[in-house]
Enquirer: 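The structure follows.
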Amino acid sequence: MALVVDPTLEMVPDFASNLYAGICADLEAATNQTGEEVVAHLVEAWNADHDARVAEWNQDREAEARVLAEAERARTMQENDECIQREAEAEKERLEGEKKKLKMNSFDHASSVGNYLNPCPAQYAIQKLTNFEYVELWYFSPEGCKDALKFLCLVADNDLSITRTDDQLTLQPTSAFKASKAALADHELSFSIFLRAKNLFLVQISKAKWPQPNIDALSLFFWHLENHSIRNNSDIGDMVILTYASRVRQDWHDRLKRDEGFNIGNINENLIRTINEELWDKIRSRTLNVVRLQS
């Protein structure tokens with residue numbers, strides 16, 4: 001049983017006093033020793049027991065000191081770990097804050113503006129590409145780029161919102177992310193405008209960091225359509241190709257979202273023939289209606 005009173009504070013009893021006279025007399029009679037010898041033996045026995053209890057007391061105090069020291073060390077380590085974690089979180093927040101700050105890139109002092117300024121599509125179209133979504137080719141046509149420039153000149157300065165572009169936060173007109181009322185579907189474009197628009201479209205999807213296999217498939221898609229034989233063999237060949245491009249590109253995006261993507265660069269000749277027949281049926285139907293109205 002652990003000691004609860006410090007034995008180092010104890011004093012050897014006065015065994016020669018009257019308090020112990022009875023005990024000493026009994027010991028004298030039992031051991032045939034003199035009174036002085038009995039007192040000396042009692043003192044010796046008490047000192048031996050006292051020394052043992054002092055040693056036990058000191059061992060207990062040393063054990064308690066070790067436990068307290070270990071607890072203090074653990075507390076200090078925990079405080080240090082918490083301090084390091086707080087500093088790491090603060091540094092992380094600082095770095096995140098730095099990333100969110102608007103930044104202006106540097107420039108080459110020896111350079112000048114080029115001889116040709118690249119047309120700039122509407123932010124609505126760029127945002128669509130950033131999200132890997134379908135957007136009409138009209139936005140990448142000369143007319144679409146002019147519409148975007150005209151819109152930016154008319155938009156109110158306080159009509160702004162924060163958006164992320166190229167891993168940086170920028171202020172953009174809120175209305176810039178809305179579809180243009182002047183936008184045309186792909187099949188409503190002239191073929192020459194379609195070809196010019198797809199060129200800028202391919203440049204922009206590369207800037208938007210689309211996967212290279214997807215860019216390559218679209219490039220092959222447009223090349224096959226531009227050089228398809230139906231354009232030379234049918235009076236409505238361009239219309240057929242534009243309709244095919246409009247429908248297939250939309251379907252390609254829809255299927256990609258469902259993880260059912262197909263290689264858009266592989267042209268489906270059966271679908272082209274079906275669209276050709278469909279458009280001829282519409283032309284014949286309109287012609288018949290005109291004839292009926294005139295008769």
Side-chain angles (χ1 to χ4, degrees), residues 116-148 165-166 177 179-180 182-283:
Y116 173 73
L117 297 178
N118 292 323
C120 184
Q123 285 299 318
Y124 166 81
I126 294 176
Q127 190 64 36
K128 285 283 189 178
L129 296 186
T130 301
N131 296 333
F132 306 125
E133 297 178 356
Y134 172 84
V135 63
E136 293 82 358
L137 289 178
W138 175 85
Y139 287 97
F140 307 94
S141 68
E143 188 63 31
C145 293
K146 290 179 182 178
D147 182 79
T165 304
D166 294 333
F177 297 97
S180 172
L184 299 175
D186 289 0
H187 60 274
E188 295 176 326
L189 301 174
S190 67
F191 205 85
S192 60
I193 295 299
F194 170 81
L195 294 180
R196 295 179 66 180
K198 62 92 175 173
N199 290 335
L200 181 57
F201 170 77
L202 291 174
V203 171
Q204 291 296 325
I205 63 175
S206 179
K207 290 183 178 180
K209 299 179 181 178
W210 282 30
Q212 192 59 46
N214 297 44
I215 297 176
D216 293 342
L218 284 166
S219 299
L220 190 61
F221 169 74
F222 289 123
W223 185 88
H224 281 312
L225 295 184
E226 181 180 359
N227 296 280
H228 199 279
S229 59
I230 196 172
R231 295 189 58 213
N232 297 321
N233 299 330
S234 173
D235 292 338
I236 61 170
D238 285 354
M239 189 186 307
V240 172
I241 294 299
L242 290 173
T243 303
Y244 177 93
S246 180
R247 295 179 183 178
V248 171
R249 201 163 61 86
Q250 177 70 73
D251 184 61
W252 184 66
H253 277 277
D254 292 342
R255 288 180 178 270
L256 285 176
K257 290 181 180 179
R258 300 195 300 268
D259 198 19
E260 300 173 356
F262 57 88
N263 188 353
I264 194 172
N266 295 332
I267 305 302
N268 189 321
E269 297 296 338
N270 290 329
L271 181 57
I272 286 183
R273 284 192 291 270
T274 300
I275 293 175
N276 182 54
E277 294 171 1
E278 173 191 332
L279 296 181
W280 272 118
D281 287 342
K282 289 181 179 180
I283 292 173

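Just so you know, residue 1 is the first one in the sequence shown, and it goes up from there.
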Enquirer: If I take atom CG from residue L225 and atom CZ from residue F194, how far apart are they, to the nearest 0.5 angstrom?
Expert: 5.5 Å
Enquirer: How many angstroms lie between CG in L189 and CG in D238, if you round to the nearest 0.5 Å?
Expert: 12.0 Å
Enquirer: Give, for atom NE2 of H228 and atom CG of N233, the distance between the pair rounded to the nearest 0.5 Å.
Expert: 9.5 Å
Enquirer: Is a side-chain donor or acceptor of W252 paired with a backbone partner of G261 at a separation under 3.5 angstrom?
Expert: no
Enquirer: Please check: side-chain N/O of S219 versus main-chain N/O of I215, any donor-acceptor pairing under 3.5 Å?
Expert: yes
Enquirer: Side chain of R249, backbone of Y134: donor and acceptor closer than 3.5 Å?
Expert: no
Enquirer: Give, for atom NE2 of H187 and atom CD of E136, the distance between the pair rounded to the nearest 0.5 Å.
Expert: 10.0 Å
Enquirer: Would you check, one step at a time, whether the test side chain to side chain contact (heavy atoms under 4.5 Å, CB included) holds for F221 with I267?
Expert: CA-CA 7 Å; F221 169 74; I267 305 302; 4.0 Å; yes
Enquirer: Which atom pair, heavy atoms only, marks the closest approach of A208 to F132?
Expert: O-CE2, 4.2 Å
Enquirer: Is it the case that the side chain of S141 and the backbone of W138 share a donor-acceptor pair, with hydrogens and angles ignored and the cut-off at 3.5 Å?
Expert: yes
Enquirer: Looking at R196, I'd like to know if its CZ atom is crowded, meaning that more than 12 non-hydrogen atoms belonging to other residues, nucleotides or ligands lie closer than 6.0 Å.
Expert: no
Enquirer: Mind checking the CD1-CD1 spacing from I241 to I272? Nearest 0.5 Å is all I need.
Expert: 4.5 Å
Enquirer: Restricting to non-hydrogen atoms, name the atom on N263 and the atom on A217 that form the minimum distance, rounded to 0.1 Å.
Expert: OD1-CB, 3.7 Å
Enquirer: Is W210 reaching over with its side chain to a backbone N or O of Q204, donor-acceptor style, under 3.5 angstrom?
Expert: no
Enquirer: So how far is it from I205 CD1 to N214 CG, rounded to the nearest 0.5 Å?
Expert: 8.0 Å
Enquirer: Around atom CG of D235, are there more than 12 heavy atoms from other residues, nucleotides or ligands closer than 6.0 Å?
Expert: no
Enquirer: Treating Y124 as the side-chain partner and Y139 as the backbone partner, does any N or O pair qualify as donor plus acceptor under 3.5 Å?
Expert: no
Enquirer: What are the two closest non-hydrogen atoms of A148 and P121, and how far apart are they?
Expert: CB-C, 4.0 Å
Enquirer: Between F201 and F140, how do the two ring planes meet: parallel, tilted or perpendicular, split at 30° and 60°?
Expert: perpendicular
Enquirer: Among L242, D186, L271, I275, which residue satisfies the side-chain contact (heavy atoms from CB on, under 4.5 Å) criterion with R247?
Expert: I275
Enquirer: Show your working on side chain to side chain contact (heavy atoms under 4.5 Å, CB included) between E226 and R231 and close with a plain yes or no.
Expert: CA-CA 8 Å; E226 181 180 359; R231 295 189 58 213; 4.2 Å; yes
Enquirer: Could you walk me through whether N270 and R273 pass side-chain hydrogen bond (donor to acceptor under 3.5 Å, both in side chains), step by step?
Expert: CA-CA 5 Å; N270 290 329; R273 284 192 291 270; 2.2 Å; yes
Enquirer: Under the side chain to side chain contact (heavy atoms under 4.5 Å, CB included) criterion, do Q123 and I126 qualify, and how do the steps go?
Expert: CA-CA 5 Å; Q123 285 299 318; I126 294 176; 3.9 Å; yes
Enquirer: Passes side chain to side chain contact (heavy atoms under 4.5 Å, CB included), L137 versus F222? Steps please.
Expert: CA-CA 12 Å; L137 289 178; F222 289 123; 4.0 Å; yes
